[in-house]
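Reading through the C-alpha cells given below for one structure.
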Amino acid sequence: MIRILKYNEVSNEEIFSREGAVTDVSGIVSDIIADVRSRGDEALREYTERFDKVRLDYLAVSAGEINEALSLVDPEFLKVLEKAAANIRAFHEKQVRTGFEIKGEDGTVIGQKITPVDKAGLYVPGGTAAYPSTVLMDSIPAKIAGVPEVVMVTPPGRDGKISPAILAAAHVAGIDRIFKVGGSQAIAALAYGTETIPKVDKIVGPGNAFVAEAKKQVYGQVSIDMIAGPSEILVVSDGKSDPRFVAADLLSQAEHDKMASAVLVTDSEDLANKVSAELERQIPLLERSEIARCSIDNNGKIIIADDLETVIEIANEIAPEHLELCVDDPARYLGSIRHAGSVFMGRMCPEALGDYFAGPNHTLPTSGTAKFSNPLSVDDFVKKTQYTYYTKEALSKVKDDIAMFARTEGLTAHAKSVLIRFE
C-alpha cells in the first residue's frame with residue numbers, strides 16, 4: 001500500500017528521498033565496451049546470442065523486414081503513428097534555431113552558425129515492452145535538426161526479429177539504418193563503430209542500468225542526451241480531483257518498472273485517502289499489476305501539505321520528470337513551477353497524452369535533474385560555431401586593450417600575436 005506522509009510531521013528525508021538500490025555494473029559494462037572495440041561485429045553477435053538468445057548472421061534490418069512489419073501492423077495504428085508524428089514535428093519545428101551575424105561600422109563581423117551533427121544514434125529498449133513512441137520522440141527532432149544520418153539500434157526477439165510496431169515507427173520517422181543489437185554492447189558499437197554499425201556523434205534514448213552505464217562511460221568519445229533514471233510522475237492536486245483519475249495517472253508510470261516513482265502531493269487529506277483506496281482497487285486490474293504493485297509499495301508516496309503554495313514548493317524540490325497540475329486554473333500555477341521535465345495542465349491532461357501524442361518530447365530529465373537539465377529537443381542534435389572577422393583598421397583600435405588584458409594574465413605571447421601586426 002502506498003505511504004501517506006504529512007509534511008512537517010515527518011522528516012524531509014522521508015518526503016524527498018528517492019528509494020531504490022543502485023547496482024554497480026560499471027565493471028561489466030567496461031569489459032563489454034572494450035570487447036566490442038576489439039572484436040566488433042563478432043562480439044556483438046556473441047552478446048546477442050548470450051543475452052537475447054538468438055544467433056544472427058546479419059545485424060542490419062533489411063528493407064524486406066521493414067515492409068513485412070508494415071504489412072503486419074494494424075492499419076489504424078499506422079494512422080495513429082502518422083498523427084503523433086505530425087504533432088511531434090509541429091512542436092519541434094518551433095525549436096529550430098538560426099544563426100546570427102553582427103556587423104560593426106568599422107568592418108568587424110561576429111556571428112554564430114548552426115550545424116547539425118553528422119550522425120545520430122538512437123537506442124530503443126526491448127525487454128518487457130516495445131516503445132514505438134520512443135522511436136518517434138528521439139528521431140524526429142534529429143531529422144528536423146538536419147542530421148544527415150540517423151541510426152537506430154534495438155535488441156531482437158528470440159526469433160531474430162524486431163517488433164513490427166518499432167519498425168513501423170522507424171519507417172514513419174524516416175530513420176536511415178536499423179540494427180538488431182541491444183544493451184551496453186549496442187552503445188559501444190555506436191560510440192566506436194564496428195564493421196557494420198557506423199560510429200555516431202550523439203547517442204540518445206533510454207535503457208536499463210547497463211545502457212545508462214555504457215552511455216556514461218562513452219561520454220566524451222561521443223555526446224549523449226542524458227543518464228535517465230526510473231520513470232517518475234508527481235501529481236499536484238487540490239481536493240476537487242476525481243480520485244479515480246489521480247490513481248490511474250499514478251499507475252500509468254508505476255507500470256513502467258518496479259523502480260518507477262509515483263507521487264501525489266495535495267492539500268486534501270480526504271483526497272489522499274480516497275486515492276490510496278483507489279490504487280488498491282485498480283492495481284489488481286492491470287496487466288502489469290506485479291510491476292505496479294512493487295513500484296507503488298516501494299517508491300510511491302502521498303504527501304499532504306497545508307496549502308497549494310506549500311504543495312508547489314514540495315514539487316519544485318522533488319523536480320519530477322512528469323508533473324500534473326490537477327487544479328481548476330493550472331495557468332495560475334505554471335509560473336511557480338521551476339523544476340519539472342514536462343508539465344500537464346488541468347484535470348483532463350493525463351501524462352499519457354505526452355507519452356504518445358501531444359507533441360512535446362517525452363525524453364525527460366529524471367532523478368531531480370530537472371533542476372538543471374532539459375527535455376530532448378532539436379538543440380540536442382546541433383552544434384553552435386562562433387566566427388569573427390576584423391579588418392586591420394578595426395584591430396588597430398583595440399590592439400593595446402587586448403595586449404593589456406593578455407599581459408595582466410601573464411600571457412605575453414597572446415599580446416605579441418596582436419602587436420606584431422603593427423610593427
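Computed from a predicted structure; not experimentally measured.
- At least one donor-acceptor pair under 3.5 Å links the side chain of H362 to the backbone N or O of D355.
- In this structure, H414 places its NE2 atom where only 12 or fewer heavy-atom neighbours from other residues, nucleotides or ligands lie under 6.0 Å away.
- Here I303 contributes atom CD1 and I318 contributes atom CD1; the two are 4.5 Å apart, rounded to the nearest 0.5 Å.
- Across all non-hydrogen atoms, the minimal contact from P116 to K383 is O-CE, 4.0 Å.
- S231 places a side-chain heavy atom less than 4.5 Å from the side chain of E321.
- Between the side chain of K199 and the backbone N or O of T194 there is no donor-acceptor pair closer than 3.5 Å.
- More than 12 heavy atoms of other residues, nucleotides or ligands shown are found within 6.0 angstrom of NZ on K371.
- Across V54 and G157, no two heavy atoms sit closer than the pair CG1-O, 3.6 Å.
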Does the pair L279 and L251 meet the rule for a side chain to side chain contact (heavy atoms under 4.5 Å, CB included), with working shown? CA-CA 8 Å; L279 286 169; L251 291 173; 3.7 Å; yes
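- Contact record, A165 with F77: CB-CE2, 3.9 Å, taken as the closest heavy-atom pair.
- Counting only distance, with no hydrogens or angles, the side chain of S396 and the backbone of E393 share a donor-acceptor pair below 3.5 Å.
- With salt bridges taken as basic N to acidic carboxylate O contacts below 4.0 Å, one links D379 and R97.
- Contact check on K161 versus E68 returns a salt bridge, with a Lys/Arg side-chain nitrogen under 4.0 Å from an Asp/Glu carboxylate oxygen.
- The residues R338 and E313 are annotated as not salt-bridged, no charged nitrogen and carboxylate oxygen being separated by less than 4.0 angstrom.
- Put simply, the side chain of N67 gets close to the backbone of A63: a donor and an acceptor are under 3.5 Å apart.
- Side-chain contact check for N361 versus P141: some heavy-atom pair is nearer than 4.5 Å.
- Residue-environment remark: CZ (R177) exceeds the threshold of 12 foreign heavy atoms within 6.0 Å.
- Salt bridge present: D328 and R347 bring a charged side-chain N and a carboxylate O closer than 4.0 Å.
- The shortest distance between side-chain heavy atoms of I291 and H256 does not fall below 4.5 Å.
- Taking a cutoff of 4.0 Å between a charged side-chain nitrogen and a carboxylate oxygen, R3 and E14 do not qualify as a salt bridge.
- In F405, the CZ atom is not crowded: 12 or fewer heavy atoms of neighbouring residues, nucleotides or ligands sit closer than 6.0 Å.
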Mind running side chain to side chain contact (heavy atoms under 4.5 Å, CB included) on T108 and K103 for me, showing each step along the way? CA-CA 6 Å; T108 61; K103 294 182 178 180; over 6 Å; no
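- To the nearest 0.5 Å, the span separating SG on C349 from CZ on F245 amounts to 13.5 Å.
- A heavy-atom distance below 4.5 Å is found between the side chains of L376 and V204.
- Side-chain contact check for D380 versus K202: some heavy-atom pair is nearer than 4.5 Å.
- Checking D35 against S38 by side-chain atom types alone, no donor-acceptor pair falls below 3.5 Å.
- Within 6.0 Å of CZ in R55 there are more than 12 heavy atoms belonging to other residues, nucleotides or ligands.
- No side-chain donor-acceptor contact under 3.5 Å links N12 and Y7.
- Between K143 and D176 a salt bridge is recorded (basic side-chain N to carboxylate O distance below 4.0 Å).
- Listed for the Y123 side chain is a donor-acceptor partner under 3.5 Å among the backbone atoms of G183.
- Looking at T48, its side chain does come within 3.5 Å of a backbone N or O of L44 through a donor-acceptor pair.
- K6 has no carboxylate O lying under 4.0 Å from a charged side-chain N of D306, or vice versa, which leaves the two without a salt bridge.
- Minimum heavy-atom separation, P155 to P125: CD-C, 4.2 Å.
- Using a distance-only test at 3.5 Å, with no hydrogens or angles considered, no donor-acceptor pair links the side chain of D138 to the main chain of L122.
- The CD atom of E149 sits 5.0 Å away from atom NZ of K119, with the distance rounded to the nearest 0.5 Å.
- We find the NZ-CD distance between K216 and E213 to be 5.0 Å, quoted to the nearest 0.5 Å.
- For the pair T154 (side chain) and V124 (backbone), a donor-acceptor distance under 3.5 Å is present.
- Surrounding CZ of F210 are at most 12 heavy atoms belonging to other residues, nucleotides or ligands under 6.0 Å away.
- Put simply, the side chain of N299 gets close to the backbone of A260: a donor and an acceptor are under 3.5 Å apart.
- Side-chain contact between S133 and Y356: present, with at least one pair of heavy atoms (C-beta onward) separated by less than 4.5 Å.
- No side-chain heavy atom of M226 sits less than 4.5 Å from a side-chain heavy atom of T369.
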Test E65 against I162 for side chain to side chain contact (heavy atoms under 4.5 Å, CB included), laying out the working first. CA-CA 9 Å; E65 288 175 286; I162 306 300; over 6 Å; no
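- For D52 (side chain) and K180 (main-chain N/O), no donor-acceptor pair under 3.5 Å exists by modelled atom type.
- Heavy-atom minimum distance, L56 versus G160: CD2-CA, 3.9 Å.
- Side chains of E232 and Q253: a donor-acceptor N/O pair is absent below 3.5 angstrom, by distance only.
- Environment of OH in Y387: crowded, with over 12 heavy atoms of neighbouring residues, nucleotides or ligands closer than 6.0 Å.
- When all heavy atoms of G354 and M137 are compared, the pair lying nearest together is O-CE, 3.4 Å.
- The number of heavy-atom neighbours closer than 6.0 Å to CD of E105, taken from other residues, nucleotides and ligands shown, is 12 or below.
- Put simply, the side chain of K416 reaches to within 4.5 Å of the side chain of E423, judged on heavy atoms.
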